[in-house]
Structures are given as structure tokens and as C-alpha cells.
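Here the structure comes first, spelled out in C-alpha cells, and everything after it is commentary.
Residue numbers start at 1 and run along the sequence shown. What you are looking at is a predicted structure, and each value in this text was computed from that prediction instead of being measured. Remember, it's 1-based here, ligands and their atoms both numbered in the order they're listed.
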Amino acid sequence: MLDWLVIGGGPQGVHLANHLRYNGVCSSRLVILDPHSTPLARWNHHTTNTGMTHMRSPLVHSLGIKPFELESYVDEPQFKNDKLNLAEGCDEHDFIPPYDRPSLRLFMHHAQFVVNKAGLMDSWYQGKAEVIESTNNGYQVKTEKGVVFEAKNVVLALGIGDQPNWPEWAKVLKQSSDSNGVHHIFDPDFRRDQIATSDNVTIVGGGISAVQLALTLLEINPNRQIIIVSHHRLRESDFDSDPGWLGPKYLEKFNAEQDYAQRRTMIQEARNVGSLASEVMYSLQIAMHNQKIDWKLVKIDNVVYNPTSRKVVIRAHCELDNLETWEADTMVLATGFERKRPGGSFIDNAIKNLNLPTAADGFPIVDCFLRWQKGLFVMGPLAELEIGPASRNISGARMAAKKIMQSPEAKQFFKIPDYFREHHIVQVTPNLSKSDLNSQS
Ligand SMILES: Cc1cc2nc3c(=O)[nH]c(=O)nc-3n(C[C@H](O)[C@H](O)[C@H](O)COP(=O)(O)OP(=O)(O)OC[C@H]3O[C@@H](n4cnc5c(N)ncnc54)[C@H](O)[C@@H]3O)c2cc1C
């Protein structure tokens with residue numbers, strides 16, 4: 001029997017597995033179950049498609065145990081040597097302001113170091129969890145291939161990365177045979193190089209991924225014409241949500257709220273959906289000024305593929321109801337992820353079989369250790385009614401791991417390092433200093 005089974009090997013699952021190994025759980029008593037052959041595959045796919053060069057989150061939000069691991073990691077020979085071997089002209093900064101946000105390259109290099117150091121590949125099992133049932137002393141989880149794992153504790157770290165959001169008009173097109181030329185940036189089958197030769201690209205979505213993709217496509221071929229379609233005006237914010245959500249400033253009120261519908265409203269209001277980090281906004285404005293990117297404030301009515309011209313024909317209307325029609329070689333949706341609870345029928349059946357409590361929005365009601373019931377933990381989006389708006393992010397993974405490691409189940413396995421006991425959270429203000437960020441991580 002395993003001590004721990006972590007279902008999902010994205011940033012959330014990997015960070016928790018790192019904590020488990022750090023605290024003495026043997027590789028042979030831990031399994032990380034994920035459909036991909038390597039850790040962080042989904043995250044890698046999505047971030048590569050956007051072409052983003054830097055994280056939106058600050059340097060203290062890494063997958064390491066200690067907050068400033070990334071800062072010291074830049075001096076590690078393995079990172080320095082790999083940087084030296086990069087093609088000439090690739091002189092990206094390891095950190096950019098504000099709040100020393102790390103490059104994606106640095107974040108990923110360090111993440112791989114974490115995986116290697118903790119020996120997580122020894123615990124890796126490629127497969128998809130389909131059924132979970134309780135046993136006398138834990139849980140039994142069956143994969144799509146009928147492989148069965150028995151574990152005292154199970155962590156559901158599923159993520160929303162597998163559920164790209166296709167708007168209604170696009171769903172119709174996707175199901176028809178005429179979906180050529182229309183892609184979703186987060187579709188598992190989409191690779192950015194598939195559209196390498198498209199001169200004329202329309203990107204749908206007004207958030208950071210849409211703009212990062214547009215800027216990347218222009219960098220590869222500056223002669224392209226790019227249209228970004230958004231139903232809202234440009235929004236700027238350096239954070240997905242106010243950093244006050246990482247500490248007591250907002251979380252005290254959030255956790256005191258007993259009505260989960262109210263908590264959901266607080267989460268929705270706190271998220272800076274469809275916003276751009278300042279440096280992305282700056283680059284976009286230059287590209288718009290140079291007439292390389294056209295920002296259309298319209299709502300799409302319908303899209304069809306014209307097999308004769310091999311173009312996508314887009315019909316949309318603007319605020320004044322004027323109709324517009326234009327053609328593109330390719331359309332890419334950057335419309336984020338479906339808001340629904342992740343896990344599909346696996347989680348639907350778990351709720352039924354194990355009689356698990358959910359709020360009206362279908363999301364888990366868990367305790368302060370993120371236990372859905374004894375020995376069954378959640379992280380990421382599944383934990384957001386307890387962790388708040390940052391739950392899906394790397395900061396949310398760090399908050400979740402800390403809570404899970406303080407649970408009675410975790411404590412009975414291993415000693416909790418002193419820095420957890422000594423940890424105290426300070427009042428957070430938007431003008432964070434390094435030491436503030438440190439104490440929240
Ligand atoms: C382009 C992009 C940029 C982002 N940038 C940042 C950033 O800078 N900072 C930040 O803090 N956050 C960022 N985020 C948000 C967040 O950190 C990522 O979405 C991150 O991938 C979430 O991690 P996760 O482990 O929850 O999900 P995922 O990366 O989706 O991993 C979940 C894994 O679970 C697997 N899984 C699902 N169901 C099952 C099952 N039944 N059995 C087994 N395995 C299963 C999935 O296949 C997947 O491999 C970004 C997100 C995106 C999309």
C-alpha cells in the first residue's frame with residue numbers, strides 16, 4: 001500500500017510531491033499519476049504555445065521548498081552552462097520588474113532540477129485515474145487501463161489545463177468538418193508552429209495569452225497582419241489577483257464567510273480576468289502604434305471556413321451594432337479555460353461514491369487542511385473555495401502544500417521542518433517588499 005498517491009503531475013502535484021519527498025516519504029511509497037510521460041507536460045505545452053518569456057508571478061513562486069530558491073539557482077553551474085549554450089542574441093533577463101519575475105526558462109530549468117533532486121520520476125506513473133473508492137485503511141484508485149493503486153492518502157491535483165474554453169459559435173464549427181483554420185491555443189493537439197506560414201491571423205481573446213501569442217507571431221514574421229478580437233477594452237494588471245489574497249489581508253474575511261456562494265462571488269470579483277502585465281501592455285501598444293496589430297472591440301456572431309479561398313470568414317458586430325466581416329488564414333482562440341469543476345466523470349463519480357460535500361457551484365467543500373474527507377486532499381482549482389482566487393496559481397500550490405503538510409495525516413508520517421512552525425504571515429500591501437513576499441511563500 002502506498003502512503004501517498006498524487007493524481008495530476010502539473011505544477012500543483014509536482015510541488016506537493018516535492019514536499020512529500022523532502023519530508024521523508026520514500027519514492028516507493030509515493031506515486032504521481034498523470035496521463036503524460038513527463039511532469040509538467042500540460043503546463044509546458046500551454047506556455048510554449050503562448051511564447052511567453054517571463055512568468056507573471058514573482059521569483060518566490062517556484063516549485064522549490066524554500067522561497068528564494070530561484071534567486072540562488074541562477075548561479076548554479078547547470079543553469080549558467082545551459083544559458084551559455086543558447087543561440088547568440090538570446091540575452092533575456094533572468095528576472096524582470098516589478099517583483100523580480102523570473103524568465104520561463106529559469107522557472108522551467110529549476111522545476112526540472114526539483115523533479116530530479118526529489119527523484120520524482122521514480123514515483124511517476126503514466127495513466128489517468130478513472131475510479132476512486134474507499135477501502136478499510138484508505139483509497140483504491142483505478143486507471144483507464146485497469147491498473148489499481150491502494151493508498152492511505154490521495155491528493156487530487158487535476159488542474160483545468162485539460163479543458164480549453166470553446167465559445168458556443170466555435171463549438172459548432174469545431175464539430176463540423178469545416179473547422180480547418182480554427183484552433184485553440186490550449187488545445188492539446190495545437191502547436192504554434194502549425195500556423196508558422198499564416199500571414200493573416202485573427203486571435204480571439206483580450207487576455208495575456210492572446211497578446212503574448214500575437215507578439216510572438218510578429219517576432220517570428222514581422223510582415224504578418226494580426227487582428228486581436230476582444231469584447232472588452234485593454235486592461236492592465238501585474239497580478240492575476242491582488243497579492244493581498246496571499247495573506248490575511250483578504251483571506252481572513254474570505255475564510256470567515258460561511259456561505260460558499262459568497263466565497264465564489266469574492267473569487268470572481270478578485271480575479272483580474274483578461275488583463276495584461278505592464279511589459280506586455282507596453283509591447284502591444286508599440287505594435288498597435290506601428291499598425292502590426294489591430295485590436296477590434298467586437299463580439300463575434302459567426303465564423304465559417306471557406307474551402308475555396310481556404311480562409312476563415314469572420315462576422316462580428318461592434319458596440320454600435322455595426323456589422324464587420326473579414327477573412328483570415330488562421331484563427332486562434334485564446335479564450336482561456338472552462339470554468340466548470342475539473343475532473344469530469346472521475347470527480348462526478350467520486351462525489352457520488354464517497355458522498356463528498358460540494359457547494360452549489362459543484363466545487364469541493366473542504367476543511368482547513370484541504371481534506372475533502374479523511375485522507376483525501378484537493379489542490380488547485382478544486383481547492384479554491386478554501387484557498388481563494390490564487391488557488392490555481394503557483395502561489396496557490398505553495399499555500400495548498402503548506403496546509404496539506406500540516407494535516408494530521410501528513411504529520412503522522414514525518415517531521416515538519418522548523419520553518420513551517422516558525423512561519424508567520426504578515427499584513428500584505430500592494431507595495432510588497434522582498435521580505436513580505438518571502439514571508440508569504
Ligand atoms: C499560459 C499560462 C501561463 C501561466 N502563467 C502563470 C504564472 O506566471 N504564474 C502563476 O502562478 N500561474 C500561472 N498560470 C496558472 C497556473 O500556474 C497554471 O495553469 C498551472 O499549470 C496550474 O497547475 P495545475 O497542476 O493545477 O494544472 P495542470 O498544469 O493542468 O496539471 C494538471 C495535470 O493533471 C492531469 N490530470 C487531469 N485529470 C487527471 C486524471 N483523472 N488522472 C491523472 N491525471 C490527471 C492533467 O493531464 C495535467 O497533466 C499560467 C497558466 C497558463 C495557461
Side-chain angles (χ1 to χ4, degrees), residues 5-17 31-63 96 99 101-104 107-108 111 124-132 141-145 147 149 154-165 184-186 188 205 207-213 216 238-241 243 246 271 277 280 334 336-337 341-350 378-384 387 389-401 441:
L5 172 62
V6 178
I7 303 181
Q12 299 266 349
V14 165
H15 181 61
L16 181 76
V31 161
I32 308 161
L33 178 65
D34 188 282
H36 304 94
S37 58
T38 50
L40 310 170
R42 187 55 79 227
W43 156 267
N44 237 329
H45 172 266
H46 292 345
T47 51
T48 304
N49 271 352
T50 64
M52 65 191 257
T53 57
H54 286 80
M55 303 283 287
R56 196 174 194 175
S57 42
L59 93 157
V60 287
H61 298 165
S62 78
L63 302 187
I96 58 166
Y99 309 115
R101 287 174 299 137
S103 68
L104 179 63
F107 179 87
M108 283 310 296
W124 191 261
Y125 192 93
Q126 193 173 356
K128 189 164 185 180
E130 278 200 346
V131 182
I132 180 166
V141 172
K142 210 184 267 177
T143 72
E144 83 288 14
K145 294 206 170 127
V147 178
F149 293 99
V154 173
V155 182
L156 303 170
L158 306 179
I160 47 165
D162 289 341
Q163 47 190 58
N165 173 39
H184 197 296
I185 189 172
F186 299 138
I208 194 163
S209 296
V211 178
Q212 283 167 331
L213 173 65
T216 307
D238 280 322
F239 299 101
D240 283 340
S241 53
L246 307 184
R271 286 201 172 122
V280 178
F337 300 96
R341 181 184 66 215
S345 59
F346 168 51
I347 296 296
D348 294 345
N349 291 333
V378 296
M379 297 183 80
L382 287 175
E384 62 193 12
I387 297 274
S391 191
R392 299 171 180 196
N393 290 8
I394 311 296
S395 53
R398 299 183 71 84
M399 289 155 85
S441 303

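Within the structure, salt bridge (Lys or Arg N to Asp or Glu O under 4.0 Å) contacts touching residues 35-58 (residues at least two apart or in different chains) are Arg42-Asp162, Arg56-Asp240.
Considering every non-hydrogen atom in both Arg398 and His61, the closest pair reads CD-CA, 4.0 Å. Among all heavy-atom pairs drawn from Ala277 and Ile208, the shortest one is N-CD1, 3.8 Å.
The aromatic rings of Phe337 and Phe186 lie parallel to each other, with less than 30° between the two planes, well short of the 60° mark.
In this structure, CD in Glu130 is found 11.0 Å from NZ in Lys145, a value given to the nearest 0.5 Å. The distance from atom CZ of Arg392 to atom CD1 of Ile387, rounded to the nearest 0.5 Å, is 13.0 Å.
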Please tabulate, one line per pair, the protein N or O atoms found under 3.5 Å from any N or O atom of ligand 1, giving the distance to one decimal.
residue	atom	partner	partner atom	Å
ligand 1	8 (O)	Arg56	N	2.8
ligand 1	9 (N)	Ser57	OG	2.7
ligand 1	11 (O)	Ile394	N	2.8
ligand 1	25 (O)	Pro11	N	3.3
ligand 1	25 (O)	Gln12	N	3.1
ligand 1	30 (O)	Gly161	N	3.3
ligand 1	34 (O)	Leu158	O	3.1
ligand 1	41 (N)	Ala129	O	3.1
ligand 1	42 (N)	Ala129	N	2.9
ligand 1	47 (O)	Asp162	OD2	2.9
ligand 1	49 (O)	Asp34	OD1	3.4
ligand 1	49 (O)	Asp34	OD2	2.7
ligand 1	49 (O)	His36	ND1	3.3

